[in-house]
Amino acid sequence: MLYFDNHSRDTANAYLADGLTEELIVRLGNVRRLEVKSRFESQRVRGGAARDPRALGRAMRAAFLVTGSLQQAGQRVRLSVSLVRTASGAQVWGNVYDRSGADILQIQSDIAGEVAGAITGQLLPAEQASLARRPTNDPVAYDLYLRGIGAANSLSEAGLRAGLELFDRAIARDSNFADVYARQALVWLFLADSYVEGRIGYQKSREAAERTLRLDSSQSLAWSMLTWAALALDFDGAQAGRLARHALTLDTRQALAHGALGTALAQAGRLEEGVLEARRGWQADTLSAFSATIYQYLLQLSLQADSIAALLPRMQQALAPEDLREYDGWVRLMRGDAAGAAERLTWPYFGGWFAGERVQALVALGRRNEARAVTDSMLTEAGRGYFNAFSVAKGYAALGNADSAFAWLDRAVEQRTLWLLGLPWDEVLMPLHRDPRFAALLRRTGRSP
């Protein structure tokens, strides 16, 4: 499915075109007989409706393409939608919807039902019911929900927080709107560890997911969110694994559920199995930055530098250039190129994700004053607000200051950062393994020494 083009005079209405596209992707994906490309795959060919459908079909490995355009004027919305068979380029189905903006929920249900019916020939009763389901009967709440999705999709802190505010406004209008709570849970997951303490972010995510499931227990995404909370807040890999597996019984194609299960397996000490499961999550959605990050993180913990190096060219469309640069720096460090690593690794990146490795590279180059300056910078940042304590601990470990490293690891436990998952395998922390305090720390975080 291609993103709808926004033909409205007001470019601010782009959220409606994008939000409808993404909701239709989710809704059509609920028809098990259809294999629907993710929104990330659709983003890769955004604006491609004017291209040869046969070429697009080959690029996306898709038998059909759904294309459309949206035009909003005042209280009226006009949607033109077409279904094209990629093998021949012929239009199989098409329709124009010209209605009041208050009918957007009905328009969405109509499009989903007619597209799915045109592909399958005849929908089963359960499929018809699923496609006709209205997440809310309040069009204003739904509009706020779509606006929130659009804001949060930026993944910036400002965008994520704007999304939460819009979701709160939607909930104020309809407190039984389950889909909004599921999106809230996802946004808090993205905020946790990078912008807020894990104990806050994962707890908020858990609360939103639990509220979702009280309203609709079939939402796979919400079960996945509970997985991350069990890992970060409870250090419970076994429970996390059960939750992730349940999410996959509801939707075997959900990339986040595969990533969650992979992380749960790693928490349980089964890192090799975790890598394979995270790989399934990435393969299910190769353009998802989150799935790519989970997969690469578990490869990083298993010290598979060559595997990450081979993957980086394939992940150029999923990850930002700065992400690729940091991972390339880590690969160079693992291969003994400390100078190349120091050139690429930066300490502020993603709450200090590779800060410890930067300190390690500088120490290897004999530039200890610079290495200490990196740790001092992290301390300054932590004094201003949230900064991941695990990163500071790694900086001290790389400098050989075990006492300070353990003090900050204790703080990381208090923060409930999910990055503690890497304790047994993180290469920067290896010098701490011989200290009795390390075995005690493993026990505190649910692992055996």
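Along the sequence shown, the residues carry numbers beginning at 1. All heavy atoms count here, side chains included; hydrogens, waters and symmetry mates do not.
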Quick one: does [X]'s side chain get under 4.5 Å of [Y]'s, heavy atoms only?
X      : Y      : result
Ser302 : Glu272 : no
Tyr181 : Ser175 : yes
Ser220 : Thr249 : no
Asn401 : Thr375 : no
Phe4   : Leu79  : yes

Basic-acidic side-chain contact under 4.0 Å: [X], [Y]:
X      : Y      : result
Asp410 : Arg444 : yes
Arg161 : Glu157 : yes
Arg437 : Asp435 : yes
Arg147 : Asp143 : yes
Glu357 : Lys394 : yes
Asp179 : Arg183 : no
Arg416 : Asp193 : no
Glu381 : Arg384 : yes

Check for me whether Arg411 meets the cation-pi criterion with Trp408, that is, NZ or CZ under 6.0 Å from the six-membered ring centre and within 45 degrees of the ring axis.
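Yes, Arg411 sits over the ring of Trp408.
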Is a side-chain donor-acceptor pair under 3.5 Å present for [Y] with [X]?
X      : Y      : result
Asp285 : Ser288 : no
Gln239 : Arg242 : yes
Asp236 : Gln267 : no
Glu326 : Thr346 : yes
Asn388 : Tyr386 : yes
Gln415 : Thr417 : no
Arg173 : Thr136 : no
Gln219 : Thr212 : no
Glu207 : Gln184 : no

Has Ser205 got a side-chain atom pairing as donor or acceptor with Tyr202's backbone, closer than 3.5 angstrom?
no
Please check: side-chain N/O of Arg358 versus main-chain N/O of Phe354, any donor-acceptor pairing under 3.5 Å?
no
If you measure from [atom1] on [X] to [atom2] on [Y], what distance do you get to the nearest 0.5 Å?
X      : Y      : atom1 : atom2 : answer
Leu421 : Phe235 : CG    : CZ    : 11.0 Å
Asp337 : Leu333 : CG    : CG    : 8.5 Å
Asp426 : Phe390 : CG    : CZ    : 5.0 Å
Arg332 : Asp328 : CZ    : CG    : 4.5 Å

So Tyr142 and Phe177, would you call those rings parallel, tilted or perpendicular, with 30° and 60° as cut-offs?
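Parallel, since the angle between the ring planes stays under 30°.
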Please work out whether the ring planes of Phe290 and Phe190 are parallel, tilted or perpendicular, with thresholds of 30° and 60°.
perpendicular
